[in-house]
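The shown structure was predicted, so the numbers you read here are calculated from the model rather than taken from an experiment. These values consider heavy atoms only, across backbone and side chains, with no hydrogens, waters or symmetry-generated copies.
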Amino acid sequence: MDVLKKRWGYLAIAVLILLFMGIGYAFSLFVVPIEKDLGLTRADTSFVFTLCFIFFALGSLITGFLVQKIPPAVLLRTAAVMFALGFYTSAQADRLWQLYLTYSICCGLSIGISYNIMISLLPLYFHDKIGLATGALLMGFAMSTTVLGPICGIGLSTIGWKGVFVILGILGGIVLLTGSVVIHTPTDDQMSHLPKGNKKINTVTELPPSGILKTKSYYVFVIIYIAIGGVGMALINHAAMTLQEDLNQSLSLSTLIVSFVCLFNGIGRIFWGIAYDRTGGAAALRKLGIILIAAMAAILLSLLLKKPLLFTAGTGAALFCYGGSSSLAPIIVRALFGDKYFSKNFAVTNIGTMILSSVPALIGALQTRFGNYTLPYSVLLLFATLSLIMAHLYRPIVEKELHTVC
């Protein structure tokens, strides 16, 4: 079997790995039972989620600089141990600080390590289908709530959140160990047999982190990424509680709805990846901003009218946009600044993930202060508006500064 066939097997395994690593997105399914069991507030659990994704970004950042010095297999095995240990010890936690240490820090770091390796290495096999491959990887990451959420819901009603955590830790660790045997950087011989892709991507100026941090193009894109990502992360973290507390839906129905709307997060990642291959990033970013504003308006109207169906539609549309921005982030960073320093450049870009990860905690604090989600979600509408403004500035700045269209 030559590398042109093997690469699809590598991609399938990487998607499976990211499916399990994306379980961090499903934390909202566990919020209510954890709060009841440990006596925590919404602000407490929101910060557990926020801190997890801060350390996810930190793990990705560290890995970006280590992956060229330490074999990916070693890093993946380290992540496997951390992931399994993190979920197992989280199940033993009876204090908030323990959750910070076990779930937020240990699991967050392991997810970030795995994520950076998959996003850095697998697209090297797919320069001819860079958007499709990256979108597929990130779809797996985002589809975790949709695929594993209903199973976790059944587990919550039978063995409780602690039992579910133990099982997730074991399965995730096994998947990562399997990936460590298979996933590797393409050899020189393999690269010689792979399609080279389109000319635009292969002739970009190769810039290291110190170079991209001096460009306006980078900051404009990162602001868009943070604005859209902040909305998506907040909704993923708070949608289930919004349904239960503001729209009076049951836990079981809320879990089902959240699993359904997270499907659009996954669809968005593959859809906008393919859209990039066909139309480029500038047009995609403008469309994302428009759709996101409409989605947040629908969500706010649903709270006013007490319409769960409208909330579901708006949240699905917003997560469709969030999936798009997440998919476009590594694609655009690679397209603008090249392959040579991609793992480092993308790691630096994940500092933006640290920033946007604070948005769920902000929304949780506002909800605790005002007792409902109307004002917090109005703040998210402002984020959506900012993303559209910056999207309109993106193309002329990139054309002027980098002399390319992306």
Side-chain angles (χ1 to χ4, degrees), residues 15 18-19 22 24-26 28 53 131-132 134-149 221 224-240 242-243 254 256-303 307-332 353 356 359-360 363 377 380-388 390-391 394:
V15 169
L18 290 180
L19 179 69
Y25 281 123
S28 65
F53 275 86
L132 173 63
T134 305
L137 289 168
L138 293 174
M139 180 183 70
F141 194 60
M143 291 287 283
S144 184
T145 302
T146 298
V147 176
L148 301 179
F221 174 70
I224 298 170
Y225 174 61
I226 291 172
I228 298 178
V231 173
M233 291 281 279
L235 289 173
I236 288 171
N237 188 229
H238 290 278
T242 306
L243 286 160
S254 298
L256 181 63
I257 291 173
V258 170
S259 296
F260 172 71
V261 296
C262 282
L263 174 66
F264 291 92
N265 183 8
I267 292 172
R269 296 183 183 219
I270 191 73
F271 176 89
W272 292 104
I274 295 172
Y276 172 86
D277 285 337
R278 295 181 177 179
T279 66
L285 292 172
R286 290 194 298 271
K287 292 173 184 176
L288 285 173
I290 293 170
I291 297 171
L292 188 60
I293 289 173
M296 286 311 307
I299 288 173
L300 286 168
L301 185 61
S302 75
L303 298 182
K307 298 292 185 181
L309 186 60
L310 183 59
F311 177 83
T312 301
T315 304
L319 294 185
F320 180 67
C321 295
Y322 172 57
S325 71
S326 299
S327 180
L328 290 174
I331 297 171
I332 288 178
T353 304
L356 66 87
V359 178
I363 298 305
Y377 285 176
L380 296 184
L381 178 59
L382 295 178
F383 276 71
T385 303
L386 175 63
S387 74
L388 180 59
M390 299 308 293
Y394 172 80

Are any of the side-chain heavy atoms of [X] and [Y] separated by less than 4.5 Å?
| X | Y | answer |
| --- | --- | --- |
| Leu285 | Ile332 | yes |
| Leu263 | Met143 | yes |
| Leu301 | Leu310 | yes |
| Val231 | Val359 | no |
| Val261 | Leu235 | no |
| Met233 | Tyr322 | yes |
| Trp272 | Lys287 | yes |

Give me the atom names and distance for the closest heavy-atom approach of [X] to [Y].
| X | Y | result |
| --- | --- | --- |
| Leu138 | Arg269 | O-CD, 2.7 Å |
| Gly314 | Ala295 | O-CB, 3.4 Å |
| Leu356 | Tyr225 | CD2-O, 3.8 Å |
| Ser387 | Ile228 | CB-CG1, 3.6 Å |
| Ala136 | Val15 | O-CG2, 3.6 Å |
| Leu328 | Ala284 | CD1-CB, 3.9 Å |

Between atom [atom1] of [X] and atom [atom2] of [Y], what is the distance when rounded to the nearest 0.5 Å?
| X | Y | atom1 | atom2 | answer |
| --- | --- | --- | --- | --- |
| Thr134 | Ile274 | OG1 | CD1 | 11.5 Å |
| Leu137 | Leu19 | CG | CG | 12.0 Å |
| Phe221 | Ser325 | CZ | OG | 7.5 Å |
| Leu380 | Ile293 | CG | CD1 | 12.5 Å |
| Asp277 | Ile331 | CG | CD1 | 6.5 Å |
| Ile299 | Thr315 | CD1 | OG1 | 3.5 Å |

Ignoring hydrogens and angles, state whether a donor on the side chain of Tyr377 or Thr242 is under 3.5 Å from an acceptor on the partner side chain.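 A pair is found: one side chain offers a donor N or O, the other an acceptor, under 3.5 Å apart.
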
Flag, side chain of Ser327 to backbone of Gly323, donor-acceptor distance under 3.5 Å: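 Here the side-chain-to-backbone pair does not exist.
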
